[in-house]
Number of protein chains: 2
Amino acid sequence: MHSLAEAQARLAVHIRENGLKHTRQRDEVLEVFYALGGHASIDELLAQVQTRLPGVGYATVYRTMKLFVEAGVAHERKFQDGQTRYEPHMGDDHHDHLICLDCSRIFEFEDPIIEARQSDICAGRHLRPVHHRHEIYARCTLGAGCPDRLPP
Amino acid sequence: MHSLAEAQARLAVHIRENGLKHTRQRDEVLEVFYALGGHASIDELLAQVQTRLPGVGYATVYRTMKLFVEAGVAHERKFQDGQTRYEPHMGDDHHDHLICLDCSRIFEFEDPIIEARQSDICAGRHLRPVHHRHEIYARCTLGAGCPDRLPP
DNA sequence: GTCGATGCAAAGCATTTGCACAGAA
DNA sequence: TTCTGTGCAAATGCTTTGCATCGAC
């Protein structure tokens, strides 16, 4: 699942199968969620949704994103700033995050060697990894030359 | 720094150097903190401190743990249960966490291969790792035989 | 006697929930 | 018409802060 259209289809199925309802709000939140691209916070989502559908409040966005997670179209990520962020579900590929402390950009990475080491570490303790969280916080080696430096 | 005595010494220095004061509460919180051994939450700390010094409230424990972090005798860790946990600072050695979803135990691990891969991943993007968070959530392969299984 | 620390209650944030009403099916 | 979804406000859980008082120096 990559595109908005696929997400809409999957959500529709989930709604059907669980006797839920298709609403304008859910449509708009899903479109905004895909338009924002990834790592969107509730505040960012709400701000965008309100430009399309004034009157929507936090409760609806929170409930809707929870529904998206249950429907499998979104993932929940908790970084260190106290805000929950969401990203579109992209099939089975797993990835972790690399966060630039200079410009706040969030990169994604996936490393088979690290994944393998994790299994080994677990195996030594009679454990089997279920999921993990791996975030690297880093700074530009280019200093002020960071091409996408953002205001602090 | 490993022992309570060393932590007491370091805290005393920090207090001296910053014109702060040595108090009974800070003594007790530090002892309880070391007695609990690691990954203690504010609630756990407060409960223990109150057996020794009734009347202490959340505010004091929160403020005291923040002081310990500044003094370098404690580290702050945020796992996924919404509670901040603290662990004694053990010199320069860094470690990550392996959390058993069956019995809630928290293991520590450190893996040079993973650390090296992290640097490589950063280098490819002109970044230099500053710190990271790596948590593996796992289940016992022993099933109900998990020797230290705890109630859910 | 100063000035930082404490304890309590109130305030802050992010998130969740109760409830009356609106709107899909 | 029925029952879920929505919007608002109040409630919650964790953490921080304001303020009068306490206690270390």
Side-chain angles (χ1 to χ4, degrees), chain A residues 8 11-33 39-47 49-71 74-86, chain B residues 8 11-33 39-71 73-86:
Chain A
Q8 286 169 331
L11 180 60
V13 170
H14 179 86
I15 283 176
R16 280 268 168 99
E17 292 182 344
N18 293 81
L20 306 178
K21 286 169 182 168
H22 172 242
T23 67
R24 177 85 192 281
Q25 286 85 339
R26 287 168 178 179
D27 269 358
E28 297 289 2
V29 173
L30 187 59
E31 282 185 28
V32 160
F33 175 48
H39 311 120
S41 67
I42 294 290
D43 286 293
E44 290 162 356
L45 289 162
L46 179 62
V49 170
Q50 286 183 331
T51 65
R52 294 152 165 250
L53 210 60
V56 170
Y58 279 102
T60 297
V61 178
Y62 274 110
R63 286 188 279 226
T64 303
M65 293 315 297
K66 183 161 288 191
L67 170 70
F68 289 180
V69 171
E70 286 161 8
H75 272 289
E76 213 179 66
R77 298 276 187 180
K78 289 170 194 265
F79 299 111
Q80 313 224 54
D81 61 354
Q83 296 230 147
T84 300
R85 290 173 182 276
Y86 298 86
Chain B
Q8 286 170 330
L11 180 60
V13 169
H14 179 86
I15 284 175
R16 280 271 167 97
E17 292 182 344
N18 293 81
L20 307 178
K21 285 168 184 173
H22 173 243
T23 68
R24 176 83 192 281
Q25 286 86 339
R26 287 168 176 179
D27 268 359
E28 298 289 1
V29 174
L30 187 59
E31 283 186 27
V32 161
F33 175 48
H39 311 121
S41 67
I42 294 290
D43 287 293
E44 289 163 356
L45 289 162
L46 179 63
Q48 287 302 308
V49 170
Q50 286 182 331
T51 65
R52 294 152 165 250
L53 211 60
V56 170
Y58 280 101
T60 298
V61 178
Y62 274 109
R63 285 188 279 226
T64 303
M65 293 315 297
K66 182 161 287 191
L67 171 70
F68 288 0
V69 171
E70 285 162 9
V73 305
H75 272 288
E76 214 179 66
R77 298 275 187 182
K78 290 171 194 266
F79 299 111
Q80 313 224 54
D81 61 353
Q83 296 232 146
T84 301
R85 291 175 180 275
Y86 298 86

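Keep in mind that what you see is a predicted model, and the values were worked out from it rather than measured. Each chain gets a letter, A, B and so on, in the order its sequence line appears, and its residues count up from 1.
Here D:dG5 presents its P atom at 11 Å from CD of A:E70, a figure rounded to the nearest Å. Between the P atom of D:dG5 and the CG atom of A:L11 lies a distance of 11 Å, rounded to the nearest Å. As rounded to whole Å, 10 Å separates atom P of D:dG7 from atom CD of A:Q50. The CD atom of A:E76 sits 11 Å away from the C1' atom of C:dT15 (whole-angstrom rounding). Residue A:H14 contributes atom NE2, which lies 14 Å from atom C1' of D:dG5 at whole-angstrom precision. Atom CZ in A:R52 sits about 19 Å away from atom C1' in D:dT6, given to the nearest Å. Atom CG in A:L53 sits roughly 13 Å away from atom C1' in C:dA22 (whole-Å rounding).
Residue-to-nucleotide proximity on DNA chain D shows that, of B:I42 and B:I15, the 5′-proximal contact is made by B:I42.
Contacts of residues 54-66 of chain B with DNA chain D (heavy atom under 4.0 Å): B:A59, B:Y62, B:R63, B:K66. Within a heavy-atom distance below 4.0 Å of DNA chain D, the residues of residues 18-33 of chain A found are A:G19, A:L20, A:K21, A:T23, A:Q25, A:R26.
Contact check for B:L67 versus B:L11: side-chain heavy atoms found under the 4.5 Å cut-off. The side-chain heavy atoms of B:Y86 and B:E76, taken from C-beta on, include a pair separated by under 4.5 Å. Proximity of A:V29 to A:M65: side-chain heavy atoms (C-beta onward) are separated by under 4.5 Å at one or more points. Using a 4.5 Å heavy-atom cutoff, the side chains of A:Q8 and A:E31 are in contact.
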Under the side-chain contact (heavy atoms from CB on, under 4.5 Å) rule, what do B:K66 and B:E70 come out as? Steps first, then yes or no, please. CA-CA 6 Å; B:K66 182 161 287 191; B:E70 285 162 9; 3.8 Å; yes
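Across every non-hydrogen atom of A:L46 and A:V56, the tightest pair is CD1-O, 3.6 Å. Of all non-hydrogen atoms in A:R52 and A:R24, the two that sit nearest each other are O-NH2, 4.0 Å. Closest approach of B:K78 and B:T84 over heavy atoms only: NZ-OG1, 3.7 Å.
The backbone N or O of B:F68 sits nowhere less than 3.5 Å from a side-chain atom of B:R26 that would complete a donor-acceptor pair.
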